[in-house]
Amino acid sequence: MINYEKSLNPAQLEAVTATQGPVLVIAGAGSGKTRTIVYRLAYLVEKGIVPENILLLTFTRKAANQMLFRAGRLLERELGSVSGGTFHGFCFLLLRKFASVLGFNNGFQILDSGDCEDIIRDIRAEFKLGRGDRSFPRNRTILSFISKARNKEIPLEILIEKEAFHLGEYIQDIKRVENRYTIEKQRLCLLDYDDLLFFTERLLEEHGEVLDFVRAVYKYIMVDEYQDTNLVQARLASLMASQNGNIMVVGDDAQSIYGFRGADVGNILDFPNLFPGVKIVRLEENFRSTQPILDLTNNILAHMEKKFEKALFSSRKDGNLPELIRPVSDMSQARAVLSRIVELSGKYPLHEIAVLFRAGYHSYPLEVELNKASVPYQKFGGIKFSEAAHIKDVLCLTRMVGGSPDLLAWKRGLGLLPGVGPKTAERLYKAYEQGQHEDLLKFARKNKWFAELRELLTDLAGLENEPSRVVSSIIEFYKPYLEKQHAEDLPKRLAGLDQLQQIVAGYNNLDVFLADMVLENSDPLGFAAREDALVLSTIHSAKGLEWPAVMVIDLVEDRFPSRHSMQDPGEMDEERRLLYVACTRAKDYLGLFVPSSVYHRGSGFNQPVSESPFISELSTPSFCEFRENHLGMLKTPQSASFVRKDLGQSAVPASAYCKHKIFGRGKIVMAMPPNKYKVNFPGFGLKVINSDYLEIE
DNA sequence: AAAATTGACATTTTT
DNA sequence: TGTCAATTTT
């Protein structure tokens, strides 16, 4: 038996043991949210609930797997029979099971964003929209507005009026595209991400027997990261749970960072109205970060326009102040980060150090430095593995193996063959769809590459349950094309194909594999993070994770907050929450980097940039500041330390960050520490510059 | 109709 | 940085 009282604090215990009826858990960052869910899973099973009756919806499948693994370890049994995953993944499985109910007799395919763009491109060509008009919105832009309008459930024209006024003149054209897009998807049995959710809702609402089935199976529902659900997801959850009301949702409004995708903080705030009699539990004790780090994050939160009071406190009272480092440029920033990493790696293994940033490309200069220094790293976020051109090629060829016709896959797959372009590909597809095999045969006699592909597809037909064999054959077929097309970075791409083979080895069904490749962005090598690699990640992909040492880079205007968000105060708040999420990932060390200039593509020079307003607005310095001198690097005294006045004699080992090689010589300007700290730099002169800064000579 | 070439351009975040 | 669309050549 598990001793819950001993392992959990009172609030956590309350959330764990409230198994009947609706529960809302407001879980501050680092408050043991995952622990609570894990123990609750175990508790339910110990109380005799059959694992099959539990549904755990999380933001990534990786998170779900981890929780199931940990609960299983507590119980000393496998919990694989709990259903867990993302909303989208769950919806896919449900729709697949009941595809025929919705009229998809030959199944359906899931579209990734590249597929969707292809459809939009065709529609634009057909309507001859935006020919020669350079300001006509890009396909990607059109698509993102269509999706956003759907997610927010507001008409497209209103969304565009509100968020993209400059596109006003194109509203009618975009609406035409939207209509056609919907029709086209239906015709080809294709579902995009949003369709998965809306079709599932329709399935449950219009088919009572399906709803009854779902309710009978999933008697206990838990939803993690509820602050990032959108309207239809919230409706799905309540639809499935409303009969017996055994639903627990967990979230933190301060960490809502997916508004751009239609996530609605209102969901978590409205939950009590949706389920009257809900039990509300607040987890406010932070087990992750040291108090100086929490002081900084509370400081960030204090500037929120819309404030929800939250009093996070830590039992880890000691610890270093977060540091703020101002390198002269982004290149210099990369070197400074590298130098910190080298130093931190004496204390922590590489995979316990993370560098976080706002957008995928912000890490490029750093990646160059890491490669030069042969520091292994693993990057999360940015481009999706399955959307890299070569992976996508292989996946499309694989899609052609399944029996059901798939126009997009045919177009891309056949387009690889010499002598075949869009027109021919479409012609061949039509022939295939209508069973005119003679036409295909005729072309095969003319084009040996097509003949070869046809033969391969025939050989692989019927191997739906051995996806691994299918994919390896496809890869062998594809390799010559890869060599021809991507000769420059061949080794990297070949390695990617190897990875793909490793991934597919874990599947026994081709369709499920293909769907997962579209639905599962997280790490390509499964849920085992590499043990020996530094972590680079966008902040969005860092959600829910934690590291002993965290660095946040590019805290400058236009990058963080992103230039796009500057107009709307609501989006500004979301950016601020994003910084909050980034900083609350840190357990012991937090480093914030503000380069004074960044490389500007257009001019080819470094342009000066000002610091992020989120840094300027921090009222009292919650950090120790270092400024890089233009003459070179600065050296800090090794014996420097901060002494907490209220702790008497015991010195805080601030020297840990005062001996960096990058700070080679010159002067240091640092922030005046908060009142309760006293600076102690033996052997060095301290000069007060103003009420905010000290200079050390 | 397909392939090669040029020229412009735009870059958040993710299921 | 590479991606995307328009243009020219095969």
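Numbers restart at 1 for each chain; the letters A, B, ... are given by sequence-line order, proteins then strands.
Taking atom NE2 of residue His88(A) and atom C1' of nucleotide dT14(B), one finds them 9 Å apart after rounding to whole Å. Following rounding to the nearest Å, Leu416(A) (CG) and dA3(B) (C1') show an atom-to-atom distance of 14 Å. dA2(B) atom P lies 11 Å from atom CD of Glu426(A), rounded to whole Å. The distance between atom CZ of Phe87(A) and atom C1' of dT14(B), rounded to the nearest whole Å, is 16 Å. Rounded to whole Å, atom C1' of dT13(B) lies 16 Å from atom CE of Met572(A). Rounded to whole angstrom, the span from the CG atom of Leu417(A) across to the P atom of dA2(B) amounts to 12 Å. Rounded to whole angstrom, the span from the CD1 atom of Ile553(A) across to the P atom of dT13(B) amounts to 13 Å. Taking atom NZ on Lys148(A) and atom C1' on dT13(B), their separation rounds to 10 Å, with Å as the unit.
Among the atoms of the strands shown, none is found under 4.0 Å from any heavy atom of Gly89(A). Heavy atoms of Arg121(A) sit under 4.0 angstrom from primed sugar atoms or phosphate atoms, though from no base atom. Nucleic acid contact class of Asp112(A) (heavy atoms, under 4.0 Å, all strands): none. Thr424(A) comes within contact range of the sugar-phosphate backbone alone, with a heavy-atom separation under 4.0 Å but no base atom that close. Within the 4.0 angstrom heavy-atom criterion, only backbone atoms of the sugar-phosphate kind lie near Arg138(A); the bases stay farther away.
Geometrically, Lys148(A) does not engage Phe260(A) in a cation-pi contact, judged by NZ or CZ lying under 6.0 Å from the ring centre and within 45° of the ring axis. A cation-pi arrangement is absent between Arg577(A) and Tyr580(A) under the rule of less than 6.0 angstrom and at most 45 degrees off the ring axis.
Taking the six-membered ring where tryptophan is involved, the planes of Tyr481(A) and Tyr478(A) are essentially parallel, since the angle between them stays under 30° and well short of 60°.
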Bracket notation of DNA chain C in which parentheses pair within the strand, [ ] cross earlier pairs, and | pairs with another strand (Watson-Crick or G-U, under 3.5 Å): .|||||||||
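Once you apply a 4.0 Å limit to the heavy atoms of chain A, the touched nucleotides of DNA chain C run 5' to 3' over dC4(C) to dA6(C).
Under the 3.5 Å distance criterion, the side-chain polar atoms of Ser238(A) are matched with a main-chain donor or acceptor of Arg235(A).
Where Ser147(A) and Ala425(A) each meet DNA chain B at their nearest nucleotide, the meeting point lying more 5' is that of Ala425(A). Residue-to-nucleotide proximity on DNA chain B shows that, of Leu578(A) and Gly415(A), the 5′-proximal contact is made by Gly415(A).
Residues His540(A) and Tyr258(A) place their aromatic rings such that the two centres sit under 6.0 Å apart.
Taking every heavy atom of both residues into account, Leu204(A) and Leu239(A) meet most closely at CB-CD2, 3.6 Å. Closest non-hydrogen pair, Glu574(A) versus Gly259(A), comes out as OE2-N, 2.9 Å.
Look at Thr538(A) and you'll find a side-chain N or O under 4.0 angstrom from OP1 or OP2 of dT14(B). OP1 or OP2 of dT14(B) has not a single side-chain nitrogen or oxygen of Ser113(A) nearer than 4.0 Å.
Taken from CZ in Phe136(A) to CD in Glu169(A), the straight-line distance is 9.5 Å, to the nearest 0.5 Å.
When the C1' atom is compared between dC4(C) and dT13(B), the two are found 22 Å apart, to the nearest whole Å.
The salt bridge (Lys or Arg N to Asp or Glu O under 4.0 Å) with Asp115(A) is formed by just one residue from the set Arg412(A), Arg121(A), Arg399(A); it is Arg399(A).
Heavy-atom contacts from other residues, nucleotides or ligands closer than 6.0 Å to CZ of Arg140(A) number 12 or fewer.
Proximity note for Tyr258(A) (side chain, C-beta onward) versus dA2(B), dT14(B), dC9(B): the nearest is dT14(B).
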